[in-house]
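The chain is numbered in sequence order, starting from 1.
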Amino acid sequence: MDELYVCIHNVASVQKLIDFSKVVYSFSPPIKALIMSKVGGTAAQAGIPEVMKLSYKLGKSALVLPDLKDVIELVNPDKMFLISSYASNRIDMNDLKEAKRLLVVFNGIENDFPKTEQALGDYVSLPYIKGDIGPTGMAVAFIYSSILSGVIKIDH
């Protein structure tokens, strides 16, 4: 994998958006950009400015887009995973190695991705995760398991 894009989609909580960005930026993997799509409510008004400020301070890239279709159009991923605790299929880490440009999407609300969004990519769950632990917990589990499996190389 050459480029990794991490997206939080459909989020309305300021704290959830900030916590998610801190997790994504804290691992130092080769993340090309943090993408925020379909951000609403107070997260749009107060969360996005905080995340942009954090991104600037850390020298990281962040994008804000209105919808997943816009994200797909801009990123043009080889492989796209929608990570959900509700999905019956488990992610295969070997599939990550094959993609040159990978987009991983986490849902920012309690409910699942709608069927129309599930059809946009590989709708999968993470191994060993039981129940909904939210997008931040899912991002930690995904990035850490990707590091352990050798898919993502981190800076020491």
Could you tell me which non-hydrogen atom of [X] sits nearest to which non-hydrogen atom of [Y], and how far apart they are?
| X | Y | answer |
| --- | --- | --- |
| Asp132 | Ser85 | CA-OG, 3.4 Å |
| Pro49 | Ala44 | CD-O, 4.1 Å |
| Phe20 | Ala139 | CE1-CB, 3.6 Å |
| Val6 | Ile31 | CG2-CD1, 4.0 Å |

Any chance you could measure [X], atom [atom1], to [Y], atom [atom2], to the nearest 0.5 Å?
| X | Y | atom1 | atom2 | value |
| --- | --- | --- | --- | --- |
| Glu3 | Asn76 | CD | CG | 10.5 Å |
| Asn107 | Ile8 | CG | CD1 | 8.5 Å |
| Ile91 | Tyr123 | CD1 | OH | 13.0 Å |
| Ser13 | Ile18 | OG | CD1 | 8.5 Å |
| Ser149 | Leu96 | OG | CG | 6.5 Å |
| Glu110 | Asn10 | CD | CG | 11.5 Å |

Any sub-3.5 Å donor-acceptor pair from [X]'s side-chain atoms to [Y]'s backbone N or O?
| X | Y | result |
| --- | --- | --- |
| Lys16 | Gly108 | yes |
| Arg101 | Val75 | yes |
| Asp70 | Leu74 | no |
| Asn89 | Val124 | no |
| Gln118 | Phe113 | yes |
| Arg90 | Ser125 | no |

Atom OH of Tyr144 with >12 non-hydrogen neighbours under 6.0 angstrom:
no
Taking atom NZ of Lys22 as the centre, report whether more than 12 heavy atoms of other residues, nucleotides or ligands fall under 6.0 Å from it.
no
Quick one, Ser84 with Asp112, criterion side chain to side chain donor-acceptor pair (under 3.5 Å). Give me CA distance, side-chain angles, the key distance, then yes/no.
CA-CA 7 Å; Ser84 172; Asp112 200 9; 2.7 Å; yes
So if you build clusters from Ile, Leu, Val, Met, Phe, Trp, Tyr with side-chain heavy-atom gaps below 4.5 Å, do [X] and [Y] land together?
| X | Y | answer |
| --- | --- | --- |
| Val23 | Val64 | yes |
| Met80 | Leu65 | yes |
| Val71 | Val51 | no |
| Ile72 | Leu63 | yes |
| Ile35 | Ile109 | no |

Verify side-chain contact (heavy atoms from CB on, under 4.5 Å) between Lys79 and Asp122, making sure each step is shown before the conclusion.
CA-CA 8 Å; Lys79 199 80 166 155; Asp122 293 345; 3.0 Å; yes
Would you say [X] and [Y] make side-chain contact, with heavy atoms under 4.5 Å?
| X | Y | result |
| --- | --- | --- |
| Val105 | Phe81 | no |
| Leu17 | Ile48 | yes |
| Val104 | Phe142 | yes |
| Ile133 | Met138 | yes |
| Asp67 | Ser37 | no |

Under the criterion side-chain contact (heavy atoms from CB on, under 4.5 Å), I'd like the reasoning laid out for Tyr25 against Leu34: C-alpha separation, chi angles, the key distance, then a yes or no.
CA-CA 8 Å; Tyr25 291 150; Leu34 166 65; 3.6 Å; yes
side-chain contact (heavy atoms from CB on, under 4.5 Å) between Val11 and Met36, intermediate numbers included
CA-CA 8 Å; Val11 63; Met36 299 163 275; 5.8 Å; no
Under the criterion side-chain contact (heavy atoms from CB on, under 4.5 Å), I'd like the reasoning laid out for Tyr128 against Ser145: C-alpha separation, chi angles, the key distance, then a yes or no.
CA-CA 11 Å; Tyr128 313 112; Ser145 60; over 6 Å; no
